[in-house]
2 protein chains.
Amino acid sequence: MTASRTARERVRAELSREIVDIARRQLATEGAGGLSLRAVAREMGMVSSAVYRYFPSRDDLLTTLIIDGYNALGEAVERAEAARPRDDFLGRWLAACHGARDWALAHPHEYALLYGSPVPGYEAPQDTVPARLRDVTVLSAVLRDAVEAGAADPPPLGPPPPATLVADGENMRAIMAGVPDELILRALTSWTAMYGWISLELFGQLNNAIEDRRTAFDHSMRTMAAVMGLH
Amino acid sequence: MTASRTARERVRAELSREIVDIARRQLATEGAGGLSLRAVAREMGMVSSAVYRYFPSRDDLLTTLIIDGYNALGEAVERAEAARPRDDFLGRWLAACHGARDWALAHPHEYALLYGSPVPGYEAPQDTVPARLRDVTVLSAVLRDAVEAGAADPPPLGPPPPATLVADGENMRAIMAGVPDELILRALTSWTAMYGWISLELFGQLNNAIEDRRTAFDHSMRTMAAVMGLH
DNA sequence: GTTCGTCAAGAGCAGTGCTCTCGTTTCTGG
DNA sequence: CCAGAAACGAGAGCACTGCTCTTGACGAAC
């Protein structure tokens, strides 16, 4: 199983990649709804039916675009966070947040594909799960490291976590081993605030309300960092 | 200008309403992308071109659906919040949050149309603005009333608001007169957390992570209430 | 050298938004 | 009351979509 088995397989892989590239470009300019298999084929000088040799349906093409998108976003978040000193937990958190926001602003349509309303008639297959967790894994790691270093002292806020949630947190505890339940829930809240902000900003709900959005986002994320006890 | 000017105008208004009703039903079952003018016409026993006498384009029909949706959501939030005693500020806040979430869960496709990615390429006419502010107005009123009653004592969290944001808050200060700038920003963060949660939950990002979502949402909103100083 | 699988191409189906024309119905001004 | 104007439903048609099926050609394996 070398990288180049036969000439046929090589050209097939190359064409598949070209289709995805053109599709991503069309996605970036036209949006998810404007992605057309026929237009992709036209741009490649192929006939539409030929594309179906490589992707059995439009949704399959969309799925690989989604997975690529999650990976691109996750990688952007990872890179932004990795640029900060390991013991600067607040800086790592803020860098990750800005990394996500910057990527979303640079790729609005791809972000909409990931975190916007699901595409009509399209059900996200399980294949997307691993790629989808890359960004939240980064955010979790920051908090976990802070807890391990004893650098997270969350202030008392509101009631203690309900019992059902403590039992519920099994899945999240896997990524955030050692983090107290209350803090896991605050991380979840911070996560919703972050993606809520990005979505509202990107989808135009913040127009005529906030002008200096980057500063406001920064302040908002600092507030959530304080809620989690990061300094 | 009586309610029934001519027979023609009456049947026109009636048919317009019927078109919108059918369209909303199709929206609820098929989603925004599945809304088809031809299907609406078919269900009405009309021919597709006849519908264009009432709505000049599919996007215009979508726009009225959006406005209707904002009003329905705003009304649901208003009703939920109004059911609480006026001096129970935490209760009013939580009721408004749950009102929004309950409505979203009951009308997922309509919610996606309002707070999801803009579907048909681009569309956000100014007509939607007044209806869009109904829910956020309710949330703002709770905080403003609490401040007026001296019942909001936000804990110290993070740095003070940057100067540019203080100058930026003109628009929001109109709805939240008397609320300190720092608290306005925390309200904004709480708002993003609330809609972020609802969106992430509705769009499936919370699957396999949280089972008892209502309780978790409640806890999250209580945390944000504490951030705003509501007890 | 023949066979077999892969491939691009083309025609075609059912559906979409939207435009235009053509009679008919309804309203309105004289 | 009646003619002209405006509104209306029906139908045909355009350009587009995702997708299927068949046909013929090419390359690789036996």
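Here is the naming used below: chain letters follow the sequence lines, and residue numbers restart at 1 for every chain.
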Using a cut-off of under 3.5 Å, enumerate the N/O to N/O pairs linking the protein to nucleotides 10-12 of chain D.
from: D:dA10; atom 1: OP2; to: B:Val47; atom 2: N; distance (Å): 3.3
from: D:dA10; atom 1: N7; to: B:Ser49; atom 2: OG; distance (Å): 3.3
from: D:dG11; atom 1: N7; to: B:Ser49; atom 2: OG; distance (Å): 3.4
from: D:dG11; atom 1: O6; to: B:Ser49; atom 2: OG; distance (Å): 2.7

> What's the CD-P distance between A:Gln26 and D:dC16, to the nearest Å?
Replying inline: 14 Å
>> Does the protein touch nucleotides 23-30 of chain C at the base, only the backbone, or not at all? Give it as B, S and - per nucleotide, heavy atoms under 4.0 Å.
In response: --BBSS--
>> How many whole angstroms separate atom OH of B:Tyr52 from atom P of C:dT19?
In response: 7 Å
>> From CZ of B:Phe55 over to P of D:dG9, roughly how many Å is that when rounded to an integer?
In response: 13 Å
> Over how many whole Å does the gap from A:Leu61 atom CG to D:dT17 atom P extend?
Replying inline: 14 Å
> Can you list the residues that meet the side-chain contact (heavy atoms from CB on, under 4.5 Å) rule with A:Arg38, with sequence neighbours excluded?
Replying inline: A:Ser36, A:Arg42, A:Ser48
> side-chain contact (heavy atoms from CB on, under 4.5 Å) with A:Glu78: which residues, sequence neighbours excluded?
Replying inline: A:Arg134, A:Val138
> Can A:Arg10 and A:Glu14 be counted as an ion pair, charged N to O under 4.0 angstrom?
Replying inline: no
> Looking at residues at least two apart in the chain, or sitting in another chain, which of them share a side chain to side chain donor-acceptor pair (under 3.5 Å) with A:Arg25?
Replying inline: A:Glu43
> With A:His219, which residues qualify under side chain to side chain donor-acceptor pair (under 3.5 Å), at least two apart?
Replying inline: B:Glu182
> Once you round it to whole Å, what is the distance between P of D:dG18 and CG of A:Asp60?
Replying inline: 13 Å
> For A:Tyr195, what residues pass the ring-ring contact (aromatic ring centres under 6.0 Å, His included) criterion, not counting sequence neighbours?
Replying inline: A:Tyr115, A:Trp191
>> For a quick test of reading the model: is some side-chain N or O of A:Ser36 closer than 4.0 Å to OP1 or OP2 of D:dG18?
In response: yes
> In whole angstrom, what separates A:Arg42's CZ from D:dC16's P?
Replying inline: 7 Å
>> Among residues 12-23 of chain B, which ones have heavy-atom contacts with DNA chain C below 4.0 Å?
In response: none
> How would you list, by chain and number, every residue that makes a side chain to side chain donor-acceptor pair (under 3.5 Å) with B:Gln205, sequence neighbours excluded?
Replying inline: A:Tyr70
> Considering residues at least two apart in sequence or located in another chain, which fulfil the side-chain contact (heavy atoms from CB on, under 4.5 Å) criterion with A:Arg84?
Replying inline: A:Asp88, A:Arg92, A:Ala95
>> According to side chain to side chain donor-acceptor pair (under 3.5 Å), who are the partners of B:Ser220, at least two apart in sequence or on a separate chain?
In response: A:Thr189
> Over how many whole Å does the gap from B:Arg58 atom CZ to C:dT19 atom P extend?
Replying inline: 14 Å
>> Using the side-chain contact (heavy atoms from CB on, under 4.5 Å) criterion, which residues pair with B:Arg213? Sequence neighbours excluded.
In response: B:Arg101, B:Glu201, B:Leu206, B:Asn207, B:Ile210
> Can a donor-acceptor pair be found between the side chains of B:Tyr52 and B:Ser57 at a distance below 3.5 Å?
Replying inline: no
>> As a test of reading the structure: which of D:dG9, D:dC19, C:dC18 is closest to the side chain of B:Tyr54, going by heavy atoms?
In response: D:dG9
